[in-house]
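Per chain, numbering begins at 1; letters A, B, ... match sequence-line order.
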Protein chains: 2
Amino acid sequence: MTRRTASRRGTPPAEPKYWQLKTALTDALDAEFSVGQVLPDERTLAARFGVARATLRQALDQLELEGRLQRRRGVGTTVAPPRVGVDVSPARQTWPGAEDDPWSVDGFAVAGAPPVVAHALGVPRGTALPVVSRALVAEGQPVAVERLYALPSPEPADGVADADEALAALRRQPLEGQDRSVELGSADAEQAGALDRLPGSPVLLVTTRYGAAGRVAAVSLATYRADTCRLTFGDQPLALTAS
Amino acid sequence: MTRRTASRRGTPPAEPKYWQLKTALTDALDAEFSVGQVLPDERTLAARFGVARATLRQALDQLELEGRLQRRRGVGTTVAPPRVGVDVSPARQTWPGAEDDPWSVDGFAVAGAPPVVAHALGVPRGTALPVVSRALVAEGQPVAVERLYALPSPEPADGVADADEALAALRRQPLEGQDRSVELGSADAEQAGALDRLPGSPVLLVTTRYGAAGRVAAVSLATYRADTCRLTFGDQPLALTAS
DNA sequence: CAGTGGTCTAGACCACAGC
DNA sequence: CTGTGGTCTAGACCACTGG
C-alpha cells in the first residue's frame, strides 16, 4: 500500500485512520456487543483492521475516554456499562458527614495545605491543617476520593485528633453557603490506586468551598473517575429515566 | 509500600518515563515560563530529555489535558493561561435567551432528535424538532457550543420559523425546574471547528433538561472546551479570588 | 506459565501556519 | 519555502492477571 495512492488529486478531507476506526468500533459496539463482553485483544484487532497497534490504541483511548470501553492490564478490554450519575448538588445545604452522606471516612491527618487550598482558605501556603480523607462508592465501584481541608476551629483548645472530631467541629458552625467547580484533571499515583485506575487517568476534579462565619471555613478537593461518572446537579423534578 | 523484590537491578520504582517527564516539565513551567511563552519544539525537547518524540508527546498530552499547555499545529506549544470559570448554576431559574444570557444565537434548523434527546423528551427517535444552535465566548475565546432541542409548542399553528421564535415560544411557558449533568466527552468534527480545536479533543458535555407543564419541554446539549474551562455552580457568596 | 494491556523507540510522512 | 504539531508504522520490552 503506497500511501496516498492519490489517484488524481483525490483525498479531499483526509480523515485520520484512528477516527474512522473509532467510528467503526462505535458502530460495532452498538450493534454486536453487550455490556461486560470482552473484545478481541489489541494485536488481533489491529491485524483485523490492517493498522499498527499504536493506531488502534489511539481509537481505543478515545472510546475509553468516552466511557464506552474499560481496559485492564493483564485482563483485556470490555464493554463498559453506562456511566453512573452522581449527585453533586450544593442545594442540600449541609456539611460533609451529615446523616445521609454517602461518603465514607477513610483517614485523617494534619498536613500542609496545597497552594490551591491555601489560597481558597486565605492562609499562608503550607499551613498545617486538619485533613479528612473520604471515599465514595457507587454500584459496587469506587468512583471518587476526597480530601477535605478544614480551617482550625477556634473553640476547642487547638487541633482535632481524628476525622469525626474534625467533622463535628465543622458541624457546630452554621453553614452559610457553598459553591463548587468542575474541571478536567488527571489522577496522581495515590488517587489512581484508590480509584483502581492507572496514574494519569482522566478525572473530574470537583472543588467545593464551604462558607461559615463570613469566610471560607473548609475546602474539599474531590476526584471522580471521568470514565465511569456523570455528575448531576439541580432540582431533578422530572422522572424520565427508563429507556 | 510496595515490594519490588529487591532485585538489586537498576529500576526499583519503575516509574514511567513520560510521568517523570511530565513532572519535570510541570516544575519547569512553574519556575521558568510565563503565560503565552512558546516552548521549544517537540523534536528539540525530546532530544534534550533523551527520549523518543512519542514519549515526550505522551507527557505533553497530559499537560494539555490539565490545561497547562496549548498546542497549535504549524505554530508551536505555548504556556496556557489559567482556566476561565464559567457559571453553570441552574439556580437562576430562567429559560435560555433571557436578558443577561451570555450565549449568542448561531443558527436554527428543524432536525431529527438524537437518541439521547429523544429519550429525555419522551418522543420517538428521529422526531423532527426545532433546534437552536448557540455559542459562548469568554475572554475573547470560544469556550462552548450548544444545541437546544425544544418540544414543539402547542399554541402557534405548528412549527416555529427561526431561533427567536423558538426561544420566545419557550419563554411563554412557566419554567418549573431544570437539572444538569456534566460528563467527559470528545469533540466531533463540527464542534471541534467551532471551538478551534481538533476533532477528538476532550470536552465537558453538559446536558440540561428544562421542565414545563409537568414534563421535559426542552433539552440542551452544551460542549465546553475541557482544556480552557472550569465550570462553577452554587451560591458564590465568598469573595476570595485575588492571588 | 502464556496472554493481556502499558510503555518506548526510531524512524516516516502529512497538514497547516507563516514567511 | 521552512518549521511546527499530528498521524502512522513495525517492531521491542515491561507489568500485570490468571490459570
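- Taking atom CZ of residue R57(A) and atom C1' of nucleotide dC8(C), one finds them 11 Å apart after rounding to whole Å.
- E66(B) and S186(A) are linked by a side-chain donor-acceptor pair at a separation below 3.5 angstrom, with hydrogens and angles left out of the test.
- Residue R43(A) has no polar side-chain atom (N or O) positioned under 4.0 Å from OP1 or OP2 of dT4(C).
- T78(A) and Q70(A) are not linked by any side-chain donor-acceptor pair at a separation below 3.5 angstrom, with hydrogens and angles left out of the test.
- Along DNA chain D, the nucleotide nearest R72(B) and the nucleotide nearest K17(A) are compared for position; the residue whose nucleotide lies closer to the 5' end is R72(B).
- Straight-line distance from the CD atom of E15(B) to the C1' atom of dC14(D): 15 Å, rounded to whole Å.
- Residue T55(B) places at least one side-chain N or O under 4.0 Å from the OP1 or OP2 atom of dT9(C).
- Contact annotation: Y18(B) side-chain N/O to dC8(C) OP1/OP2 distance is not under 4.0 Å.
- No contact: L60(B) has no heavy atom under 4.0 Å from any strand.
- A 4.5 Å side-chain heavy-atom check between L25(B) and L60(B) finds at least one atom pair inside the cut-off.
- Between the CZ atom of F49(A) and the C1' atom of dT9(D) there is a distance of 18 Å, rounded to whole Å.
- Residue R71(A) contributes atom CZ, which lies 17 Å from atom P of dC16(D) at whole-angstrom precision.
- Residue T77(A) places its side chain closer to dG5(C) than to any other of dA10(D), dG5(D), dG5(C).
- Atom CD of E190(A) is surrounded by 12 or fewer heavy atoms from other residues, nucleotides or ligands within 6.0 Å.
- With hydrogens and angles left out, the side chain of R73(A) and the base of dG3(C) share no donor-acceptor pair within 3.5 Å.
- Toward the 5' end of DNA chain C, the nearer of the two residues A54(A) and G74(A), judged by each one's closest nucleotide, is G74(A).
- Under the 3.5 Å distance criterion, with hydrogens and angles disregarded, no donor-acceptor pair is assigned to the side chains of T228(B) and R83(B).
- As a whole-Å value, the separation of R197(B) CZ from dG5(D) C1' is 11 Å.
- To the nearest angstrom, P of dT9(D) lies 10 Å from CG of L56(A).
- The residue among V75(A) and R53(A) whose nearest nucleotide of DNA chain D is located toward the 5' end is R53(A).
- The distance between atom CG of L45(B) and atom C1' of dT4(D), rounded to the nearest whole Å, is 12 Å.
- Following rounding to the nearest Å, L198(A) (CG) and dT4(C) (C1') show an atom-to-atom distance of 13 Å.
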